[in-house]
Amino acid sequence: MAFLMKSMLSNQVKNLGLGGGGEENKEESTPSDPATAAGMTREEYEEYQKQVVEEKMERDAAFAQKKAERACLRVHLREKYRLPKSELDENQIQMAGDDVGLPEDLQKMVAEDQVEEEDKDSILGQLQSIQNMDMDTIKEKAQATFTEMKQAAEQKCCMM
């Protein structure tokens, strides 16, 4: 209770202008050296700043590497689907350096996609797709095409 009264009265007295010297004490009490403000010696503070800079450089390098990997994936997809190239992706890959590649998980996914596409392009893949079709509809289409051809030939040929 006493604390509450003291803080309320001191704020009112300061507002009146009677407590004039309080602000100057605050400015003098704050140290101008950031090391002493952080509660460290000068050497500790310099070491801390060096560690902060090194950690930031490591994070930036890791971030650039991830961006380059994503750009590499986009370039791969653009080549696969024959889309126009992007200069931004190429620049990100060049900035990261030569050791940019797809992450292992993505490499596995790309390899699986290539195997599936190769299977679909082969004769066996085509035969499997034919097996999935309905044989009755295939027979009906073939008979309809045959009768159309027969009628067209009869119309053109006088002998038939």
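Note that the structure is predicted; figures quoted are calculated from it, not measured.
Rounded to the nearest 0.5 angstrom, Asp89 CG and Lys67 NZ are separated by 10.5 Å. Considering CD of Gln151 and CZ of Phe146, their distance stands at 11.0 Å, rounded to 0.5 Å. Put simply, CZ on Arg70 and CD on Gln65 are 11.0 Å apart, with the number rounded to the nearest 0.5 Å. Atom CD of residue Gln94 and atom CD of residue Glu87 lie 10.0 Å apart, to the nearest 0.5 angstrom. Atom CD of Glu55 is separated from atom CG of Asp60 by 12.0 Å, given to the nearest 0.5 angstrom.
Around the NZ atom of Lys85, the shell of radius 6.0 Å holds no more than 12 heavy atoms that belong to other residues, nucleotides or ligands. A 6.0 Å sphere centred on CD of Gln51 holds more than 12 heavy atoms belonging to other residues, nucleotides or ligands.
With hydrophobic clusters built from ILVMFWY side chains whose heavy atoms lie under 4.5 angstrom apart, Phe63 does not share a cluster with Leu88. A continuous path of ILVMFWY side-chain contacts below 4.5 Å connects Leu83 to Leu73, so both sit in one hydrophobic cluster.
For Gln92, the side-chain hydrogen bond (donor to acceptor under 3.5 Å, both in side chains) criterion is met by Arg74, not counting sequence neighbours.
Checked by atom type, the side-chain pair Glu44/Tyr48 shows no donor-acceptor distance below 3.5 Å.
The shortest side-chain heavy-atom distance between Glu47 and Glu43 does not fall under the 4.5 Å cut-off.
Checked for salt-bridge contact, Glu46 and Arg42 meet the test: a charged N lies under 4.0 Å from a carboxylate O.
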